[in-house]
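Residue numbers begin at 1 in each chain, while the letters A, B, ... track the order of the sequences.
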Amino acid sequence: MNWSWFHRLAAPKSFYYFSKRWEVFFLCFGALLLIVGVVWGLAFAPQDYLQGNSFRIIYIHVPAAIVAQGFYVAMGVAAFIQIVWRMKLAPVAVQAFAPVGALMAALALITGSIWGRPTWGTWWEWDARITSVLILFIMYLGIIAIHNTYNDRKLSDKLSAVVALVGLINLPIIKYSVDWWNTLHQPATFSLTEKPKMPVEMWLPLLFTVIGLYLVSIGIAFIRMQTYILEREKKTRWVESEMTNDF
Amino acid sequence: MTYFSVLQAECRLALRRKQDIANSLLFFVVVIMLFPIGVSASPSFLAPASSGIIWCAACLASMLALDGIFREDLSDGSIDQWRINGLMVAFVVLGKVLIRWVTFIVPLLVLVPFCGFALSLPPSLMLDTIFSLLVGTPTLFLLAAIGASVTATLRNGAVLMILIVVPLYLPVLIFSTGYVKASDLGVPGNGQIALLLAFLLVTLVLSPFFCSVSLKASAE
Amino acid sequence: MTYFSVLQAECRLALRRKQDIANSLLFFVVVIMLFPIGVSASPSFLAPASSGIIWCAACLASMLALDGIFREDLSDGSIDQWRINGLMVAFVVLGKVLIRWVTFIVPLLVLVPFCGFALSLPPSLMLDTIFSLLVGTPTLFLLAAIGASVTATLRNGAVLMILIVVPLYLPVLIFSTGYVKASDLGVPGNGQIALLLAFLLVTLVLSPFFCSVSLKASAE
Amino acid sequence: MMLLSVERLEIERDDRVLFSPITFDLLKGEIIKITGENGAGKSSILRAILGFLSISDGSIRYLGGHSKASYAEFLKEVLYIGHTTGVKDSLTVRENLTLLNGPLRDDQLIKVVNRLQLQDCLEQLCRQLSAGQKKRVALASLWLTTSSIWVLDEPIASLDSSGQSIVEGALLDHLKEGGAVIMTTHQALTIPHYKEIIVR
Amino acid sequence: MMLLSVERLEIERDDRVLFSPITFDLLKGEIIKITGENGAGKSSILRAILGFLSISDGSIRYLGGHSKASYAEFLKEVLYIGHTTGVKDSLTVRENLTLLNGPLRDDQLIKVVNRLQLQDCLEQLCRQLSAGQKKRVALASLWLTTSSIWVLDEPIASLDSSGQSIVEGALLDHLKEGGAVIMTTHQALTIPHYKEIIVR
Ligand code: HEM
Ligand SMILES: Nc1ncnc2c1ncn2[C@@H]1O[C@H](COP(=O)(O)OP(=O)(O)OP(=O)(O)O)[C@@H](O)[C@H]1O
Ligand SMILES: Nc1ncnc2c1ncn2[C@@H]1O[C@H](COP(=O)(O)OP(=O)(O)OP(=O)(O)O)[C@@H](O)[C@H]1O
Ligand SMILES: [Mg+2]
Ligand SMILES: [Mg+2]
C-alpha cells in the first residue's frame, strides 16, 4: 500500500489547508444531521411506554457518551504515533482532542444526571457505565492539566502523550473492572447494560445524532488544531504569508 | 556509576530518610484514624467497610510515598549521569521503585493488624487483606511512578500526580477489595488474584519505559 | 521587598498555578471517589457517612495543599530576604496561608454540592456541611502550616511534629462533623461552632509564631 | 562612621571551629573582601554578621552598639545577595524584580534591565534562564536598592567578563556615594582600594 | 582521531535560535574551550552534544559516524560534569564518591580526597558543605574516571585558586594521556594550548 498520501497529510502545513477546506463540511453536515436527528427524536418519535417523554434526552446523552469514548481512543492513538514515530501533527491532535473530549464527557454526565432525576430519583448512581464516564472525564482533565501546568510546550507535549497512552492502555481494563465491580456488589438499580429494544423510529434518529455529533466534534477539533498549528509554526514562511493574507 | 552503585546509594538514602518512610506510614494511619472519628465509630458500620478503608488508605499512602521519587534526581543532575554512564533509565527506575516498595510494605504489614483491630476488621479477613496488599501494592507503586515521572519538574506536583494516577488505580482497588469480599463470602478469589498478577506483569513492563520517556523529556 | 510585594508575588504564583488549585480540588474529588469504589457504593452506606467522608477528604486535601508552601522560600533564599528587609516572618506566613486558604475554599464550596450528590448526602445537610467547612478549614490550614514549616528542610523532629499536628486536627474533625450530625438530629450545634472558633483564634495566634521559629532555625 | 565591628569572631559548625578568630571593622565608603579557601567559612561569616547564624565566640557590634535596636537599625540598611538569592524560578524576570525591589517605575526597570542585558528575557520564567542570567536578576538589586551596606557572597561567580565589570562599576559608584561593601570572592578584583581579610 | 565533529549546529529554545551556526571538531589530545556571554548557549551546546537536548539544525557526528551505535560508543567514553553535578545532598562525601565512581579502593579514595582537601569532611553530608567543597566532590571524578572524553560545564567556577590549579593540572595530565576535553568557562585558563570557540 502506498502511504505517501498519509505522510503528506501528516505535515502540519498540508493538514492545515486540508482541515481548513473540510471543517465547513464537518460542521455544517454534522449540524444538519444533529438537527434532523434531534427534531425527529423530540417531535416525531413515539413516547417511551415506561419513561414517557423524559427518555428523549437520549438524543443528546448517548451521542455525547459515544463521542467522548471515541475521542479518547483517537487521542491515545495520536499519542502512540507521537511517541513511536515523532510525527509533528500528533501532539497537536492530542492537545486539541482533550478539551473537546472532556466537553463531551461532561455533557454525557450532565445529561445523564438530569435524566437520572426523574427515572431513578437521584442525581447520581455508582453504576458501571456512569463511573467509567466519570473516570474518562478525569483522565481528560489530567491531560488538560498537564498542558496548563507546563509552559514549556515541548515538554508538555511529551508528558501528555505519555499520560494519554497509559490511559489508552488502561481504558479497557478500567471499563472491564468497573463493569465487574458493579455487577458483583451492587445489582444495578437500573440496568444500562442491555440494549433497549427500540423501535426503528426511535433508533434511527439516534444514529443521526450520533454521527452528527461526531462530525461537529471533529470540526471543532480541526479548528483548534489549526490555531495550535499556527502557534507552533509561527516562525515558518507559510504561516507568515498566511497571516498577512488574512489581515 | 553502575546499577549497583546507584541502587546502593538509593538504599542508603532510604535508610537515611527513615523520616520519609515514617511519614507515608503515618499518613496511612492518619487516614485510617480519620475515618472512624469523622464518620462513625460503631463496629457494625466499620466492620464491613474496614478492608475497603485500609485499601483506600494504602492507595493514598502509596502515592505519597512515591511523590518526588525522581524530583531530586532530576534537579541534581543524576539522570544525566545515569545516561552518561550507560545505565538504562528504565532499569534504574525499576530498581528505585522496588526499593521504595520494600521499605514501604514491610512496616505497612506490621501496621495493618493494628489498623485492622481499630477498624473491627473480622479476624478471618486479616490474612486475606494482607495478602491482597502484597499482591496489589507493587502495581500501585509502578503506576504511581509514572505519575511521579510526569510531575518530576514540578515543585509541588503531588496533586497533579494524584489526579493522573487515581484513574489507573481503580482496577487494582476494585479487584483487591473484591478478593477480600469474596473470601468473606467464602468464595475463592483466584480470579481476582490472577487479574491482579496480570496487571502487575503489564505495569512491570510498561511503567519503567514510560517513566524513562518522561524523565528524559524533563531533563532536556 | 515589602509585605505588599511579597504577597503580591504570592498571589501571582497562586494565579500562575491556577492549575495547582484546580488540582487540589480534583484531589478532593478523587479521594471522595475512592470510598464508594473501594468500600461500598450503596446509598444506605454512603448517606450517613457522606459528610464525614467529605470532611476526611478536606483534611487530606488541606494537608496536601500546604505541603511545600515554604520549601521553595527556604531553598531559594527568600526567607533571608524577608528578614533583611525587616518583614516579620510570622506575618508573611500568615499572609501566605491566608492566600492559600482563599484559593482553596472558594472553589471547594462550589464542588461540595456535587460531591454531596455523588455520596447521597441528605440535601438538608448540605448547607451545614458547607458552613462547617468554612469555619473549620482555616484552622486546618494554620495547623498544616506548622507541619510544612518543620518539614521544609526535614531535619530531625518531624515525626514529633506530625504527631503533634495530627492530634490537633482531630478536635477540628470531631467538632465539625459533630456539628453536622447535631443538625441532622435537629439539635442546634452552637457549642461546636463556638469551640471551632476558639480553636481558630488560638491557632491564628500561635501557628505563625511556631512557623517563624522553625523556619528561622531551618535557614541557619 | 563605624558600621560594623567584629571582634575575635569564631563560628562552630558541627562542633568544629571553622577558623582562627577574626577581627575587623567596616567603615563608611569602604570595601572589605573576605578571601580564603573553599570551606574556610566565608559564607558563614557573612551569615553570622546578618544574625542568621549563631556565633560561638567573640562579638559583633552594629552601628557602634550592642543592643537589639542597633541590630535592627543595621539590618534596615543591608542588601544581601547570598549563594541562594531569593529569585523565584516560577516567576518571570520582571515579576522577580518587583518582588525583590518593590514596585518599580518603567524607566528604572528598563535602565537596569538594559544594563544587565536581560532585556530579551524580561517575560521569561527564571527557571528557563542560564546560570549567569539568573545571577544577573539577583544582582539587579545593586542598582535598585536604597540600602547602604551591601553584603555580597561571590557576586561575580558564573558571570561573564562584561558582567564582572558592570558589577565592579556598581561597587565603585556605591563607594563614591558613601556606601559600604563586604563581600567574598575567589576572583581578582580590579577595584583599586579594598581591605582584604583572609580566613583560615 | 576524530572524536566529535559538529557542523553548523543550531539550537532553539522557546522558538528562539540561540546562536549563529557553530562548526568544530574535537580531536584526541585536544582541549576545546567554549566561551560566550551569559545566556549565549554554552551549556546548551554541551547538552546537545551529549544527546540530551534536541538540535534544530546542523549535524553532530560521533567517532566519525552518524549511527546510533557510534553515539552509544561515544557516550561510553564520556565524563560529564554540568551545572548540576549529580552530587546528592543527603549522602556523605564518601558515599557520593562511590555513587559517582563505583566502588573505590581505600588508597584511591584517600589520594583523591587529599588532593582535593576534602579529607576533613569525608563523613559529612554534602548538604553541609560550602559551595566550593560541593563542586570539589563532583570534580573528584576527574581523577577517578577511566573515560577519555571530558565534557565540563564551568568546572572552576566557585573554586579557590588552589582548586583551579589542581583542576588545570588534571586537564593537562589527561591531555598527555591522549584524552580530550570540551569545556566552558568564564575565567582565564593558564593551560598553554587550547582551541577557543566563541558562541554568540
Ligand atoms: C451521569 C449519568 C450517566 C452517565 C455517565 C451515562 C453514561 C452512558 C454511557 C457511557 C452510555 C453508553 C453509550 C454507548 O457507548 O453506547 C450510555 C447509554 C445509555 N444511557 Fe446513560 N448514563 C447516565 C445516566 C443515564 C440515565 C439516568 C439513563 C436513563 C434512565 C440512561 C440511559 C441510557 C440509555 C438508554 C443508553 C443507551 C444504551 C445503549 O444504546 O447501549 N443513562 N449512558
Ligand atoms: N529550560 C529552558 N527552557 C527555555 N529556554 C532555556 C532553558 N534553559 C536555558 N534556556 C535559554 O537558553 C539560553 C542559553 O542558555 P545556556 O544555559 O545554554 O547559557 P550559557 O551560555 O550556559 O550561559 P551561562 O554562562 O550563564 O551559564 C538562555 O538564553 C536561556 O534563556
Ligand atoms: N549547614 C551546615 N551544617 C554544618 N556544617 C556546615 C553547614 N554549612 C557549611 N558547613 C561547614 O562550614 C564550613 C564553612 O562553610 P562556608 O559555606 O562558610 O565556606 P565558604 O568559605 O563560603 O566556602 P566556599 O568558598 O566554598 O563558598 C565548611 O567546612 C562546611 O563543611
Ligand atoms: Mg561560600
Ligand atoms: Mg551555562
Measuring from [X]:[atom1] to [Y]:[atom2], what's the distance to the nearest 0.5 Å?
| X | Y | atom1 | atom2 | result |
| --- | --- | --- | --- | --- |
| D/S130 | E/R13 | OG | CZ | 10.0 Å |
| D/D14 | E/Q124 | CG | CD | 5.5 Å |
| D/Q187 | E/S161 | CD | OG | 11.0 Å |

Legend entry - chain E contact via D/L129 - which portion, at a heavy-atom distance below 4.5 Å: neither
Legend entry - Exceeds 12 heavy-atom contacts within 6.0 angstrom, atom NZ of E/K195: yes
Legend entry - Over 12 foreign heavy atoms within 6.0 Å of CD, E/E7: no
Inset, instruction - Output the option from D/Q128, D/E154, D/R16 having the highest count of non-hydrogen pairs under 4.5 Å with chain E. - result: D/Q128
Inset, instruction - Could you tell me which of D/A157, D/G39, D/G36, D/G41 has the largest number of non-hydrogen atom pairs under 4.5 Å with chain E? - result: D/G39
Legend entry - Proximity breakdown for E/L118 and chain D, heavy-atom pairs closer than 4.5 Å: neither
Legend entry - Atom group of E/S43 that falls short of 4.5 Å from chain D, counting heavy atoms: neither
Inset, instruction - Locate the shortest heavy-atom distance separating D/H83 from E/A131; write the atom from each residue and the value. - result: CE1-CB, 3.5 Å
Legend entry - For E/R8, side-chain contact (heavy atoms from CB on, under 4.5 Å) partners two or more places apart: E/P21, E/T23
Inset, instruction - State whether the side chain of E/N38 and the backbone N or O of D/S162 hold a donor-acceptor pair below 3.5 Å, judged by distance alone. - result: no
Legend entry - When E/S158, E/S44, E/A40, E/G163 are compared by non-hydrogen pairs under 4.5 Å with chain D, the top option: E/S158
